[in-house]
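Right, one structure below, let's go through it.
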Amino acid sequence: MGEKSANLITGRKRKLFELRLKMNGARKANQSAMVVEKKKTEVLATESRGMSKYGKAPKSSDDKIERMVKELKDRDEKRQSFSRRRRFHEEKDIDSINDRNEHFNKKIERAFGKYTLEIKNSLERRTALPD
């Protein structure tokens, strides 16, 4: 029984030794992969357009900056001057309570206006109802 336990211990030690070798190999491979990745990111950072290594933008001329500011102001003025709001017509008769009702009344008028014209005229003249 003493030989079996000695063989078990040496077998376990051997497996532990192999496991440690594999772990050390994996650590070295990981470190080398990290170094390669770091070099790639440094190369990409230095090759980026218009940006230096420390994240500073290149100097722009004052003329270009002034031109850009003028263009932005012009855009803003144009946006402020443009309006889709409809003007209020004073001469128009008010026959609706809100915009949605006004739109509905226009649709009804388009569809049935020619049939109801005589009735509307007689109501305006106050001759539609008997006295």
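As a basis for the values below, the full set of heavy atoms in this structure was taken, side chains included, without hydrogen atoms, waters or symmetry mates.
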Item to check | E18 atom CD, over 12 foreign heavy atoms within 6.0 Å | outcome: yes
Item to check | Neighbour count above 12 (heavy atom, 6.0 Å) for D62 CG | outcome: no
Before accepting this row, confirm whether a basic side-chain N of the pair [X]/[Y] lies closer than 4.0 Å to the acidic partner's carboxylate O.
X   : Y   : value
R67 : E71 : no
K73 : D76 : no
D74 : K78 : no

Checklist entry - In the single-linkage hydrophobic clustering (I, L, V, M, F, W, Y; side-chain heavy atoms under 4.5 Å), do Y115 and I108 co-cluster? => result yes
What's the spacing between [X] [atom1] and [Y] [atom2] if we round to 0.5 Å?
X    : Y    : atom1 : atom2 : answer
T10  : K13  : OG1   : NZ    : 8.5 Å
E66  : S61  : CD    : OG    : 9.0 Å
Q31  : M34  : CD    : CE    : 7.5 Å
K106 : S96  : NZ    : OG    : 8.5 Å
M23  : L16  : CE    : CG    : 9.5 Å
R100 : H103 : CZ    : NE2   : 10.0 Å

Checklist entry - Backbone N or O of D95 within a donor-acceptor pair of the N105 side chain at under 3.5 Å? => result yes
Item to check | Short side-chain donor-acceptor distance under 3.5 Å, R27 and N24 | outcome: yes
Item to check | Candidate pair K120 and E109, rule side-chain contact (heavy atoms from CB on, under 4.5 Å), full reasoning | outcome: CA-CA 11 Å; K120 281 185 180 181; E109 183 64 30; 2.5 Å; yes
Item to check | Side-chain touch R125/N121, heavy atoms, less than 4.5 angstrom | outcome: yes
